[in-house]
Amino acid sequence: MELNLYMTTKTGNEIRLIYNKLYKHYGPQGWWPLLGMDSSTETDVRMVYHPLNYDLPKTRNETYEIILGTILTQNTAWNSAEMALRNLKALNAIDPENLLGLDTEIFKQAIRSAGFLNQKSVYIKEVTKFYIALDGKIPKREKLLEVKGVGNETADSILLYAFKQPEFVVDTYTKRIFSHIGLIDYNYSYNKIKNLFETHLSHDMIIYNEYHALLVEHAKKYYSRKPYGVADPLF
DNA sequence: AGCCAGGCTACCG
DNA sequence: CGGTAGCATGGC
């Protein structure tokens, strides 16, 4: 029979149960957030989450904005990355060609709030050239990983949120929550954890999108300060 | 005042 | 291979 046995394992049930619990508790997350598209109110450009709308990003520059965000938020609070994005928008640089045309010092100062500006300025230029060269095509994970500054999590975030591909994203929060629950060891490799989730869930972009966003939302509340998870009311 | 943030590269054994 | 120092700034 073709009804897969893995669907009945304890681990598989846990992974799906936890998703349902988080979704019921927090609801759809509307990731990846985008800057408001209303340029008439430049002083109040906020990030827009878009729950239950999985058609975004729609334009070349919206896709690019998400790619920029994945680099800017590496080991950095989202608020700091968001500030950098607003600065870039004010420079009309959430556009691959315009960004590459910026003066280097102006560019670095624009992304300063996101930290690691020397590294990230290089990473962003590298991934920008890669994006332009794609010419509208969807990148292979393997090729994304060849770009300097794009590691496992960033590659999966780009594929999932910018290109709507079913790639599960593993981050620090995922490891904290699931090691706290006891389903993984904290030091499992990235791909081992990624495979665990992808094995036990439908290969569904929407599920992967919400699951990762929900884990971040939950972890920000209960897994940001040691000892992690002790006050977690759900798990 | 520290600790933490939606990681990655380079280099080490 | 797996393990880790260094990277920069802002919030709390």
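Here is how names work: the chains are called A, B, and so on, in the same order as the sequence lines, proteins then strands, and each is numbered from 1.
Listed nucleotides: dA5(B), dG6(B), dG11(C). Nearest to the side chain of Arg176(A): dA5(B). Closest contact between the side chain of Gln74(A) and the listed nucleotides dC8(B), dG6(B), dT9(B) involves dC8(B). Relative to the side chain of Glu153(A), the nucleotides dA8(C), dT9(B), dG6(B) differ in distance, and dG6(B) lies closest.
Comparing Thr70(A) and Lys148(A) by the nucleotide of DNA chain B that holds the closest heavy atom to each, the one mapping nearer the 5' end is Thr70(A). Mapping Trp32(A) and Leu145(A) onto DNA chain B via the closest heavy atom, the residue that lands nearer the 5' end is Trp32(A).
Remark: dA1(B) base-pairs with no nucleotide in the shown strands. Criterion, Watson-Crick or G-U wobble with two distances under 3.5 Å.
Distances shorter than 4.0 Å separate some side-chain N or O of Thr154(A) from OP1 or OP2 on dC8(B). When the side-chain nitrogen and oxygen atoms of Arg225(A) are compared with OP1 and OP2 of dG2(B), none of them lie within a distance under 4.0 Å.
Near DNA chain C, defined here as any heavy-atom distance below 4.0 Å, the residues from residues 105-124 of chain A are Arg112(A), Ser113(A), Gly115(A), Phe116(A), Leu117(A), Asn118(A), Gln119(A), listed numerically.
A cation-pi arrangement is found for Lys192(A) relative to Tyr188(A), the charged atom lying closer than 6.0 Å to the ring centre and inside a 45° cone about the ring normal. Figure legend: Lys175(A) and Tyr186(A) shown as a cation-pi pair, the cationic atom lying under 6.0 angstrom from the six-membered ring centre and within 45 degrees of its axis. For the pair Arg176(A) and Tyr223(A), the cation-pi test (distance below 6.0 Å, angle within 45°) is failed.
Phe168(A) pairs with exactly one of Leu201(A), Asp156(A), Thr199(A) by the side chain to side chain contact (heavy atoms under 4.5 Å, CB included) rule, that one being Leu201(A).
Closest of all the heavy-atom pairs between Ile111(A) and Ala84(A) is CA-CB, 3.7 Å.
If you take OH of Tyr173(A) and C1' of dA5(B), they are 6 Å apart, rounded to a whole angstrom. The distance from atom CG of Leu214(A) to atom C1' of dG6(B) is 14 Å, rounded to the nearest whole Å. Atom pair Tyr223(A):OH and dG6(B):C1' shows a separation of 16 Å (rounding to whole Å applied). Straight-line distance from the CG atom of Asp171(A) to the P atom of dA5(B): 10 Å, rounded to whole Å. One can place CG of Asp185(A) at 15 Å from C1' of dG2(C), the figure rounded to the nearest angstrom. Met83(A) places its CE atom 8 Å from the C1' atom of dT9(C), with the value rounded to the nearest Å.
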- Would Tyr26(A) and His218(A) satisfy ring pair (Phe, Tyr, Trp, His ring centres under 6.0 Å), going step by step from the backbone distance to the final call? CA-CA 8 Å; Tyr26(A) 294 107; His218(A) 186 62; 5.7 Å; yes
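Looking at Asn98(A), its side chain does come within 3.5 Å of a backbone N or O of Asn92(A) through a donor-acceptor pair.
Among the protein residues, Val147(A) comes within range of the sugar-phosphate backbone only, with heavy atoms under 4.0 Å from sugar or phosphate atoms but none that close to a base. The residue Thr172(A) sits close only to the backbone: its heavy atoms come under 4.0 Å of sugar-phosphate atoms, none of a base. Contacts of Val169(A) with the nucleic acid, taken as non-hydrogen atoms under 4.0 Å apart, are absent.
Under the stacking definition used here (centres under 5.5 Å, planes under 30°), the residue Trp78(A) qualifies as stacked on the base of dG6(B).
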